[in-house]
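So that the names make sense, note that chain A is the first sequence line, chain B the second, and so on, each numbered from 1.
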There are 2 protein chains.
Amino acid sequence: MMTSTARPRDAAQTRTELLRAARVRFARDGYRSTTVRDIAADAGVNVALISRYFDSKDGLFEACLASVGEELKRPETEAPTLERVARSLVRQVTGFSSDQMLLLLRTSGDERADGIRRRILRTFAEKTASVAGWTPDSPDGDRLLLRAEIVLSAALGMTQLRSTGGLEPLSSATEEELVEPVLALLRELLR
Amino acid sequence: MMTSTARPRDAAQTRTELLRAARVRFARDGYRSTTVRDIAADAGVNVALISRYFDSKDGLFEACLASVGEELKRPETEAPTLERVARSLVRQVTGFSSDQMLLLLRTSGDERADGIRRRILRTFAEKTASVAGWTPDSPDGDRLLLRAEIVLSAALGMTQLRSTGGLEPLSSATEEELVEPVLALLRELLR
DNA sequence: CGTCTATGTAAACAGTTGCTGACTTACGCA
DNA sequence: TGCGTAAGTCAGCAACTGTTTACATAGACG
């Protein structure tokens, strides 16, 4: 007997489904705790297809990071102000796309994947620093960049503390409740 | 042939050695990536002794968290000021005891261990909030506690970003270089 | 319709992991 | 000195994990 909703064979769709399931698992449970069988089951797909489409578990992880990199690379539609950056950061922390944040903290031990991760973090930090006037060769640029990286640290830390849950009031705080203190933090560090 | 430095049999010493090795490994590599054989080798001890002294890998992890809890519970010798808290936080982030910070972000999936971890985080947050006048039943206490948890998030995030390395200038920043921005952060959020 | 290939499946393999049970050995004590 | 027990060793089991290999089949195309 076939399942009533047997998907037609579609390599692209299968690949996408695997990527989606992997991002969730890797973000939530980390690289080591996630098994390829978990991912395949979530995607409703046979395990062997991971090797076929991504070479290896490491390759799949790398693809996850790359996809995060793409999404984060989208250019801004509006001029970034402190308020907008704060709002955007808080959305990353609280939104369903907090997967992206968590993935940036995960490591597989693979050198290539870790290189990608570092590059994304660097870009993220530079983008954040730029609202305070940072440019690739501004004098005293390291001071601003350091502060931007501290802001990033806070965002990543908040995301992780929220994800493991149970630390109130942070874990249940809404977007609205977080914007105010985060904005205060940005004002202090990036002005 | 015996090794030239055969330690005399000493259960307490062996237990301590295992705990020390486990804290380093769990903090640096996470729970899942660490094998009991790794820990035993680091401690220069037979694997089976982990089961004997800590019941299981989970038991050992739990003991690691508990030991962190003990160390963090030591009462202050001086009245906590913003400056002292900043200095203390930065030392936790940069010092060799950054193990403690990282462990608070690690999870084994075990319910008991996770309960311990949560309790430590909560105590840490309350201690931080108290320098801003927070008490268990102060009016508007949640607002202060939330801000303290954001500070904690920043410290934890910084520790983790530094540990995976490669995000400059944060990764190579000295204690001195970090105190200034962290103090600024505290002033804004906890005053 | 027949065939050929991309897509998907199932089973198994080799390595790893946490844990255990039977064994040996050092050390305190009578 | 001899002995009992705590401390430590050793080999192996059973389950799990990433990956591969051989096989099945849907669907496009002549």
Legend entry - Residue A:A48, side-chain heavy atoms: nucleotide from D:dG18, C:dG8, C:dA10 that is nearest: C:dA10
Inset, instruction - Compare the minimum distances between each of C:dT17, C:dT25, D:dT17 and the side chain of A:R32, then state the nucleotide with the smallest one. - result: C:dT17
Inset, instruction - Give the nucleotide from the list C:dT9, D:dC10, C:dT25 with an atom nearest to the side chain of B:R9. - result: C:dT25
Legend entry - Interface residues of residues 10-25 of chain A with DNA chain D (non-hydrogen, below 4.0 angstrom): none
Legend entry - Separation of atom CZ in B:F26 from atom C1' in C:dG18, rounded to whole Å: 12 Å
Legend entry - Shortest side-chain distance from A:S51, nucleotide among D:dT20, C:dT17, D:dG8: D:dT20
Inset, instruction - Provide, to the nearest angstrom, the distance between the CZ atom belonging to B:R52 and the C1' atom belonging to C:dC19. - result: 13 Å
Inset, instruction - Supply the atom-to-atom distance B:R84 CZ to B:L82 CG, rounded to the nearest 0.5 angstrom. - result: 11.0 Å
Inset, instruction - Compute whether any side-chain donor of one residue and acceptor of the other, for B:R23 and B:S67, lie under 3.5 angstrom apart. - result: yes
Inset, instruction - Would you kindly give the CG-to-P distance between A:D55 and D:dT19, to the nearest whole Å? - result: 9 Å
Inset, instruction - Starting from C1' on D:dT19, measure out to CZ on A:F54 and report it in whole angstrom. - result: 16 Å
Inset, instruction - Find out if a path of hydrophobic residues (ILVMFWY) with successive side-chain heavy-atom gaps under 4.5 Å connects A:L105 to A:L167. - result: yes
Legend entry - Length of the CG-P vector between B:D58 and C:dC19, whole Å: 7 Å
Inset, instruction - Just grab all the side chain to side chain donor-acceptor pair (under 3.5 Å) pairs involving residues 130-150 of chain A, residues at least two apart or on different chains. - result: A:R147-B:E180
Legend entry - Per A:N46 side chain, nearest of listed nucleotides C:dT9, C:dG18, D:dT17: C:dT9
Inset, instruction - Looking at every strand, decide which applies to A:V47 at a 4.0 Å heavy-atom threshold: base, sugar-phosphate, or nothing. - result: base
Inset, instruction - Report the nucleotide, chosen from D:dT9, D:dG12, C:dA12, that has the shortest atom-to-atom distance to any side-chain atom of B:R37. - result: D:dG12
Inset, instruction - Tell me what A:S33 touches on the nucleic acid: a base, only sugar-phosphate, or nothing, going by heavy atoms under 4.0 Å. - result: nothing
Legend entry - Closest to the B:T35 side chain, choosing from D:dG18, C:dT17, D:dG8: C:dT17
Legend entry - Rounded distance (Å) that lies between atom P of D:dC10 and atom CG of B:L49: 11 Å
Inset, instruction - Mark yes or no: B:K57 above the aromatic ring of B:F26, with NZ or CZ under 6.0 Å from the six-membered ring centre and no more than 45 degrees from the axis. - result: no
Legend entry - B:D110 CG - C:dC19 P separation (whole Å): 11 Å
Inset, instruction - State, yes or no, whether a side-chain contact exists between A:L156 and A:L121 at a heavy-atom distance under 4.5 Å. - result: yes
Legend entry - Any donor-acceptor N or O pair under 3.5 Å, side chains A:T164, B:R117: yes
Inset, instruction - Take the protein atom CD1 of A:I50 and the nucleotide atom P of D:dT17, then report the distance between them rounded to whole Å. - result: 13 Å
